[in-house]
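The block underneath contains the structure these notes are about, expressed in structure tokens.
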Amino acid sequence: MNSAECKAEFCVEKQGLPRLVAALQLLPVLRCEQRSICDDIEGLFMLLKRVAYPCRLNDMIPRFGRPVSVISLITNDVIDYIYDVHGHLITHWNQDLLSHGALQRYADAIAGQGAPLDDCFGFVDGTVRPISRPDERQRTVCNGHKRVHALKYQSSSLPNGLNGNLYGPVAGQPMCIYGDLAYPLHVHLQTPSRHVPLAPLTQDYNEAMSALRISVEWLFGDVINWFKFLDYKQNLKIRLSSVGKMYVVCALLHNAITCLYGNTTSDYFGMEPPILEQYFQ
């Protein structure tokens with residue numbers, strides 16, 4: 001398998017896989033609860049193959065030579081390991097990625113693209129990911145707006161192309177993040193002006209910020225484009241698989257791929273993402 005084929009099937013080029021395994025700090029030997037074992041590279045290969053495109057576990061047998069039950073157990077164990085060890089990088093405030101100095105660089109990059117705000121370091125938005133209709137407690141996951149059973153996620157887009165779920169304030173000079181009209185206006189959460197009729201300067205402000213805010217949609221799209229399994233709701237069954245955890249892990253893997261290759265957002269803002277090992281350190 002050459003590098004292009006490897007990237008098409010597993011989302012990562014062949015030479016990047018050892019770096020990704022090392023950065024994720026996967027255990028050299030993974031042991032399942034029913035005593036099946038595999039090494040770290042095979043376990044990561046199984047996970048990437050599973051989420052890269054909607055496929056049945058049966059379809060993975062020719063590639064890995066393992067029965068369906070073992071493939072399922074190994075894939076779930078790798079998801080659990082990545083989430084438990086590295087989930088805090090995206091579900092909590094990442095002090096390295098979101099330090100005061102880094103936030104100022106993000107704000108400078110956004111302002112450099114013509115943003116009226118000089119203290120906006122990113123863009124926030126939510127996404128609704130459809131899932132299979134559960135057998136029980138359907139109202140809990142029923143989304144009336146989209147008319148689907150779904151799980152909702154909120155994420156921020158940084159100009160270096162990474163996802164960064166933000167929680168809590170940051171010390172130092174006050175900064176802000178920008179969202180759409182679904183969000184309330186606060187000092188540190190800016191939104192388009194709601195006053196009608198809009199003054200010409202206000203209209204220009206809304207148009208300029210909205211043109212840049214679309215970058216958060218690019219990141220949501222990137223996660224689904226890389227990991228198309230997340231867009232196949234028939235296989236996303238609550239209580240049969242870790243549906244919510246899988247999206248968080250895929251968002252982490254998206255950040256890893258961005259560290260390796262960059263993406264549309266980082267190119268647009270002219271800002272390089274951190275190197276892979278630095279992000280997972």
Side-chain angles (χ1 to χ4, degrees), residues 11-12 16-17 19-28 30-31 40 43-44 46-48 50-51 74-106 121-127 129 151-172 175-177 179 188-189 216 219-220 222-224 226-227 229-230 236 238 241-261 263 265-266 271-281:
C11 304
V12 182
L17 280 167
R19 289 184 60 194
L20 182 56
V21 169
L24 292 173
Q25 304 167 32
L26 295 177
L27 299 175
L30 302 175
R31 300 181 184 274
D40 46 7
L44 182 60
M46 285 188 184
L47 173 59
L48 293 175
R50 178 65 168 156
V51 299
I74 292 175
T75 301
N76 289 334
D77 281 358
V78 176
I79 289 176
D80 289 341
Y81 179 86
I82 294 176
Y83 183 88
D84 293 341
V85 175
H86 301 292
H88 67 280
L89 295 176
I90 203 167
T91 59
H92 294 76
W93 188 269
N94 188 325
Q95 294 293 344
D96 294 324
L97 188 66
L98 301 171
S99 65
H100 175 59
L103 295 183
Q104 187 60 58
R105 291 193 294 273
Y106 303 153
F121 66 86
F123 304 94
V124 64
D125 201 1
T127 183
R129 301 308 320 158
L151 298 179
K152 297 173 67 175
Y153 301 88
Q154 179 175 274
S155 183
S156 62
S157 165
L158 301 177
N160 62 3
L162 298 187
N163 279 304
N165 287 350
L166 311 181
Y167 299 94
V170 59
M175 306 288 283
C176 73
I177 196 165
H188 303 298
L189 176 57
V216 72
L219 259 67
F220 284 135
D222 282 347
V223 172
I224 300 303
W226 280 111
F227 307 111
F229 183 85
L230 298 175
L236 301 177
I238 290 179
S241 59
S242 303
V243 179
K245 189 181 294 185
M246 186 180 296
Y247 188 91
V248 175
V249 170
C250 286
L252 271 170
L253 292 174
H254 163 267
N255 281 357
I257 292 173
T258 300
C259 290
L260 289 171
Y261 311 118
N263 60 19
T265 303
S266 62
M271 192 168 195
E272 291 292 328
I275 62 174
L276 180 65
E277 292 77 9
Q278 180 183 356
Y279 178 71
F280 283 102
Q281 68 182 1

So, for [X] and [Y], which heavy atoms are closest and what is the spacing to 0.1 Å?
X: Met46; Y: Thr75; value: CB-OG1, 4.0 Å
X: Gly43; Y: Val78; value: O-CG2, 3.7 Å
X: Ile257; Y: Phe227; value: CD1-CZ, 3.8 Å
X: Leu24; Y: Tyr81; value: O-CE2, 3.7 Å
X: Phe280; Y: Leu89; value: CD2-CD1, 3.7 Å

Taking the side chain as C-beta and beyond, is there a heavy-atom pair between [X] and [Y] under 4.5 Å?
X: Val51; Y: Leu230; value: no
X: Leu158; Y: Pro273; value: no
X: Ile224; Y: Phe220; value: no
X: Pro274; Y: Asn160; value: yes

Once you round to the nearest 0.5 Å, how far does [atom1] of [X] lie from [atom2] of [Y]?
X: Phe123; Y: Ser155; atom1: CZ; atom2: OG; answer: 13.5 Å
X: His100; Y: Arg105; atom1: NE2; atom2: CZ; answer: 10.5 Å
X: Leu30; Y: Ile74; atom1: CG; atom2: CD1; answer: 7.5 Å

Quiz item: Quick one: side chain to side chain donor-acceptor pair (under 3.5 Å) partners of Glu277, sequence neighbours excluded?
Solution: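 Scan of Glu277 (side chain to side chain donor-acceptor pair (under 3.5 Å), adjacent residues dropped) gives Arg19.
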Practice problem: Tell me, please, which residues at least two apart from Asn263 pass side chain to side chain donor-acceptor pair (under 3.5 Å). | Solution: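 By the side chain to side chain donor-acceptor pair (under 3.5 Å) rule, Asn263 matches Thr258, Ser266.
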Practice problem: Only counting residues at least two apart or in another chain, list the ones meeting side-chain contact (heavy atoms from CB on, under 4.5 Å) with Leu17. | Solution: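 With sequence neighbours excluded, Leu17 shows a side-chain contact (heavy atoms from CB on, under 4.5 Å) to Cys6, Val12, Leu44, Phe45, Leu48, given in chain and number order.
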Quiz prompt | Set of residues satisfying side-chain contact (heavy atoms from CB on, under 4.5 Å) with respect to Asp40, sequence neighbours excluded | solution =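 By the side-chain contact (heavy atoms from CB on, under 4.5 Å) rule, Asp40 matches Val21, Leu26.
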Using residues 242-256 as the side-chain source, report each donor-acceptor pair under 3.5 Å to any protein atom, sequence neighbours left out, with the distance given to one decimal.
unit_1: Lys245; atom_1: NZ; unit_2: Asp80; atom_2: OD1; d: 3.0
unit_1: His254; atom_1: ND1; unit_2: Asn163; atom_2: ND2; d: 3.3
unit_1: Asn255; atom_1: OD1; unit_2: Asn163; atom_2: N; d: 2.9
unit_1: Asn255; atom_1: ND2; unit_2: Asn163; atom_2: O; d: 3.1
unit_1: Asn255; atom_1: ND2; unit_2: Tyr279; atom_2: OH; d: 2.8

Quiz item: Sequence neighbours excluded, which residues qualify as salt bridge (charged side-chain N to carboxylate O under 4.0 Å, His left out) partners of Glu272?
Solution: none
Practice problem: Check the angle between the aromatic planes of Trp226 and Tyr261 and answer parallel, tilted or perpendicular using the 30° and 60° thresholds. | Solution: parallel
